[in-house]
Engineer: 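Please read through the structure below; I'll follow up with questions.
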Amino acid sequence: MGEKQYEGHVVVLPYPGQGHINPLLQFAKRLASKGVKSTLATTHYTVKSISAPNVEVAPISDGFDEGGFAQAGNEDVYLKSFRANGSRTLSELIQKYKNSSSPINCVVYDSFFPWALDVARQHGIYGAPFFTNSATVCAIFCRIHNGTLTLPVKMEDTPLLLPGLPPLNLPDLPGFVKAPESNPAYLAMNLSQYSNLEKVDWIFSNTFQELEGDAAKGASELWPAKLIGPMVPSAYLDGQIEGDKGYGASLWKPLGGECIEWLKTKPLESVVYISFGSMVSLSAKQMEEIAWGLNGSNFHFLWVVKETEHHKLPDEFINSTKEKGLIVTWCNQLEMLAHKSIGCFVTHCGWNSTLEGLSLGVPMVGVPRWADQMTDAKFIEEIWDVGVRAKEDEKGIVRREELVWCLKEVMEGERSDEIRRNASKWRELAKEAVSEGGSSDKCISEFVEHLKGSNKKAEGRYLNGHT
Ligand code: UDP
């Protein structure tokens, strides 16, 4: 067989965290499956953790080639260094292909890196940011950026009423909106995502019409995004991409075999899967409450506790729950969620985890900790009705009794059947969106057709819908 023929060449640039690489790499795979050559540009530190069929992976520099973010020490230093070194090395990558048979004609970049548009423009090619948060969260942040919503949002400003969104109360809002001083560097990065949107060619958002069409429409004047999600490997949804059974990126070693062997021995929908994603670090007190909550619930559980968090687990808990629970340092989350023994997903409500829970039709218990997770949790409980949100006490801790209540409610309580029905409904809608002719699939196809047909220089205006 000869080499696959592609038309157009996109370089995809994620922020090098697990929750960003996963959806952007998946987008690269979708583009490749539709005939566009796709190259994922990522840092030297992460490049070795990524391998996906039909996507080339090319290293660029964040200035910390040996240790990545940890080497930088803080967000501010890291982002500045990424901007300087990333711009230079991304430009070199685009240059390298210039006189090849497949010159790059578009950069799809993580919206955390608005500077990537300048690099694209220097080379006269298209630039399109990819947003990894929900459309709802983007609708809030783009209004803060344009000044129509002022910070901090206080109790007397709520419920917050924004076009296309349900009324939002204080606990539903991203942390920085209530306390902007809590993490200024992160807030600034969030707002910078909207700094040059009037110059970009497309905006992509990892959500779908049926899920968040109203939120996106309500913000479309400021943020006219194409909804192309959920970016979950094809085997779990539409099956259009042959062999696409995993994201193809893992910054930690997954303990897949061990988990599956253990799950195999458990009855249908009897196990609680619990994970706080790649970034959240819980207090020792919170870990203790979760541990005893899991123990007290009497359900089997599979808990992802990262190596750096392991010391926070109470010794007696580890010894007394060997029969009931399996604790692993990392796993292939999708594989677990898709397993028939899993009955519930206790999640920190990161946007990828939320979409994965919805896509796999798994009922959820939301235990949000910070940032956009608070807003995602509201939607899980009140809008999509696919789970419940665990309530915190006045110290911000979810107590063991609360977790037990939530688990029982979702696994076998009054609302359990309805939650399961809704979860199945959203799974079907997610599948439809990415299947051939579905709302997300159409948006991706339109983009691809444009890239294939276009030898023109980037025009620097919105192409959304009116080309
Ligand atoms: N994940 C995984 N294995 C784990 C825990 C998480 O593969 O043991 C993946 C999960 O499938 C998701 C990503 O890590 O795609 C986490 O992204 P999310 O947005 O949920 O949270 P973040 O880590 O960004 O807080």
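We count ligands from 1, going down the list as the structure has it; atoms in each ligand are counted the same way.
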Engineer: Is it the case that the side chain of Gln373 and the backbone of Trp370 share a donor-acceptor pair, with hydrogens and angles ignored and the cut-off at 3.5 Å?
Structural biologist: yes
Engineer: Write out the residue and atom name of the closest protein heavy atom to atom 3 (N) of ligand 1, then the distance separating them to 0.1 Å.
Structural biologist: Cys331 O, 2.6 Å
Engineer: Measuring from non-hydrogen atoms of His348 to any atom of ligand 1, is the shortest distance under 4.0 Å?
Structural biologist: yes
Engineer: Is there side-chain contact between Leu302 and Met336, with heavy atoms separated by less than 4.5 Å?
Structural biologist: yes
Engineer: Check Lys253 with Glu307, please: is the shortest side-chain N to carboxylate O separation under 4.0 Å?
Structural biologist: no
Engineer: Measure the distance from atom 24 (O) of ligand 1 to every protein heavy atom, then report the residue, atom name and distance (to 0.1 Å) of the closest one.
Structural biologist: Gly19 CA, 3.7 Å
Engineer: For atom 23 (O) of ligand 1, which protein heavy atom lies nearest, and how many Å away is it?
Structural biologist: Ser278 OG, 2.4 Å
Engineer: Report, in ascending order of atom number, the atoms of ligand 1 lying under 4.0 Å from any heavy atom of Ser353.
Structural biologist: 18 (P), 20 (O)
Engineer: For residues Arg30 and Val434, determine if any side-chain heavy atom of one lies less than 4.5 Å from a side-chain heavy atom of the other.
Structural biologist: yes
Engineer: Out of His20, Gln18, Met336, Glu356, who is nearest to atom 11 (O) of ligand 1 when you count heavy atoms only?
Structural biologist: Glu356
Engineer: What part of Asn352, side chain from CB on, backbone N/CA/C/O, both or neither, has a heavy atom under 4.0 Å from ligand 1?
Structural biologist: both
Engineer: Between Trp330, Tyr273, Tyr247, flag the one that comes closest to atom 1 (N) of ligand 1 by a heavy atom.
Structural biologist: Trp330
Engineer: Checking Ser435 against Gln240: is there a side-chain donor and acceptor pair closer than 3.5 Å?
Structural biologist: no
Engineer: Under 4.0 Å from any heavy atom of Trp351, which atoms of ligand 1 are there?
Structural biologist: 19 (O)
Engineer: Could you check whether the rings of Tyr15 and Tyr78 sit parallel, tilted or perpendicular, using 30° and 60° as the cut-offs?
Structural biologist: perpendicular
Engineer: Quick check for you: to the nearest 0.5 Å, what is the distance between Leu407 atom CG and Ile274 atom CD1?
Structural biologist: 7.5 Å
Engineer: Are side-chain heavy atoms of Val410 and Met364 found at a separation under 4.5 Å?
Structural biologist: no
Engineer: Under 4.0 angstrom from ligand 1, any heavy atom of Ser275?
Structural biologist: yes
Engineer: Asn22: heavy atom below 4.0 Å from ligand 1, yes or no?
Structural biologist: yes
Engineer: Pull out every atom of ligand 1 sitting under 4.0 Å from any heavy atom of Gly277, numbered as shown with elements.
Structural biologist: 23 (O)
